[in-house]
2 protein chains.
Amino acid sequence: MSKHQKEMALLKEHLGKHQLKYTRQRELILDAFLKQEHITAEELYHQLSRKDPHLGLATIYRTLNLFCEAGLAQARHFGTQTQYDNVSHKGHHDHLICTECGKIVEFENCDIERLQEEVAARNGFVIKTHRLELYGLCSRCQH
Amino acid sequence: MSKHQKEMALLKEHLGKHQLKYTRQRELILDAFLKQEHITAEELYHQLSRKDPHLGLATIYRTLNLFCEAGLAQARHFGTQTQYDNVSHKGHHDHLICTECGKIVEFENCDIERLQEEVAARNGFVIKTHRLELYGLCSRCQH
DNA sequence: AAGCTAATTGAAATGGGTTATCAATTTCAA
DNA sequence: TTGAAATTGATAACCCATTTCAATTAGCTT
């Protein structure tokens with residue numbers, strides 16, 4: 001019995017609505033995907049190639065895109081690769097990044113998040129996730 | 001005489017510090033780049049190929065990356081392409097992005113910016129720039 | 001349970017955006 | 001002006017992601 005009942009139900013609902021099929025590969029990929037907060041297709045491929053050496057990389061990509069359409073995942077372009085975020089994972093955090101020494105401080109701010117919701121609502125959007133990065137100099141690098 | 005004295009001075013300072021040279025192409029690309037708020041390498045290439053048909057696309061990419069290192073530009077991965085933002089442009093704006101249809105709404109919010117400053121100050125940072133992207137569904141894509 | 005049809009798969013080819021290569025050219029300090 | 005080092009343009013190479021296509025599989029229908 002899977003630990004991801006809710007997500008699997010969501011996926012099956014989406015599959016049913018679009019005449020798509022529930023396959024062994026999709027189950028395998030869903031289980032592995034839900035264990036992480038975010039992952040790339042390549043990483044998932046390497047993780048799963050142990051369990052199923054014949055699983056193709058194209059299938060990983062296709063399935064992750066399917067998850068995005070089903071609302072389980074969200075693609076985010078990061079550097080040269082695409083990160084697939086696990087939407088069900090709460091506890092999102094933002095980053096303060098020092099452009100001099102590379103130091104990274106994670107933070108969370110409810111007030112900012114609330115204002116984001118307001119901006120979105122004003123424009124008719126419903127936010128699923130966001131990305132906030134502040135670039136500057138940390139205390140040590142200000143001289 | 002160029003209209004972009006300040007930015008050109010910044011670039012020359014960076015070039016001097018790193019034993020790099022001030023070339024006709026870099027001047028040309030800087031002038032064109034500073035006229036916009038953000039642009040892709042391909043767009044800049046097409047704009048400039050009128051003025052200088054021999055200018056190579058590789059030079060555009062190299063120069064835009066140089067601008068990022070000099071602090072004049074900021075790369076932002078957007079869909080499959082990379083947007084290069086003009087950092088000197090005042091009235092920095094953030095983005096609301098529909099993950100379904102790709103629609104992009106630009107916005108500006110002073111309250112959010114103020115809160116960002118507070119978070120930064122609390123952590124001893126001085127912010128130079130930032131990136132805020134809200135991902136979700138636009139009004140039409142919510143069904 | 002078997003048959004049928006459409007969806008799915010894996011492997012490999014293809015695609016688009018960006019970076020690396022390299023000989024020729026240009027910058028700039030001496 | 002000269003020479004060493006950086007830069008350029010053209011093109012090849014690269015990387016990640018998608019498309020193609022014949023073989024397989026899911027899941028309704030009988």
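Naming: A, B, ... by sequence-line order, numbering from 1 per chain. Values below: every heavy atom of this structure, side chains too, minus hydrogens, waters and symmetry copies.
When rounded to the nearest whole Å, the span between CD of A:Gln25 and P of D:dT25 equals 9 Å. Following rounding to the nearest Å, B:Gln81 (CD) and D:dA17 (C1') show an atom-to-atom distance of 15 Å. Going from atom CD of A:Glu42 over to atom C1' of D:dT18 covers 13 Å, rounded to whole Å. The distance from atom OH of A:Tyr22 to atom C1' of D:dC28 is 19 Å, rounded to the nearest whole Å. Rounded to an integer number of Å, the gap from A:Arg62 CZ to D:dT24 P is 16 Å. If you take CZ of A:Arg24 and P of D:dT25, they are 9 Å apart, rounded to a whole angstrom. The CG-P distance, from B:Asp52 to D:dG9, rounds to 7 Å in whole Å. Here the P atom of nucleotide D:dC16 and the OH atom of A:Tyr84 are 12 Å apart, to the nearest Å.
Other residues, nucleotides and ligands contribute only 12 or fewer heavy atoms inside 6.0 Å of the CZ atom of B:Arg140.
As judged by a 4.0 angstrom heavy-atom cut-off over every strand, A:Leu57 is placed among residues making no nucleic acid contact.
Contacts between chain B and DNA chain C, taken as any atom within less than 4.0 angstrom of a protein heavy atom, begin and end at C:dG17 to C:dC28.
In this structure, B:His46 has no ring-ring contact (aromatic ring centres under 6.0 Å, His included) partners at least two apart in sequence or on a different chain.
Proximity of A:Thr82 to the phosphate of D:dA17: a side-chain N or O atom is located under 4.0 Å from OP1 or OP2.
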Applying side chain to side chain donor-acceptor pair (under 3.5 Å) to B:Glu37 and B:His93, what does each step give before you reach the verdict? CA-CA 10 Å; B:Glu37 195 147 348; B:His93 54 240; 2.6 Å; yes
Set out, in order, the CA-CA distance, both residues' side-chain angles and the distance that settles salt bridge (Lys or Arg N to Asp or Glu O under 4.0 Å) for B:Arg131 and B:Asp85, then state yes or no. CA-CA 10 Å; B:Arg131 164 191 292 177; B:Asp85 293 356; over 6 Å; no
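Across the interface with DNA chain C, nearest-nucleotide mapping of B:Gln83 and B:Lys21 shows B:Gln83 to be the residue nearer the 5′ end. Both B:Thr23 and B:Thr80 lie near DNA chain C, and the one whose nearest nucleotide falls closer to the 5' end is B:Thr80. Nearer the 5' end of DNA chain D, as judged by each residue's closest nucleotide, is the contact made by B:Gln19, out of B:Gln19 and B:Ile60.
In a base pair of the Watson-Crick type (N1 to N3 plus N6-O4 or O6-N4) or a G-U wobble (N1-O2 and O6-N3), with each distance short of 3.5 Å, C:dA30 is matched with D:dT1.
Ring centroids of B:His95 and A:His130 are separated by 6.0 Å or more, keeping the two rings apart.
Panel note: side chain B:Asn123, backbone B:Val119; a donor-acceptor pair is recorded below 3.5 Å.
Ring geometry, A:Phe33 versus A:Phe67: the interplanar angle falls from 30° to 60°, so the pair is classed tilted.
Side-chain atoms of A:Tyr61 lie closest to D:dA17 of the nucleotides D:dT8, D:dA17, D:dA6.
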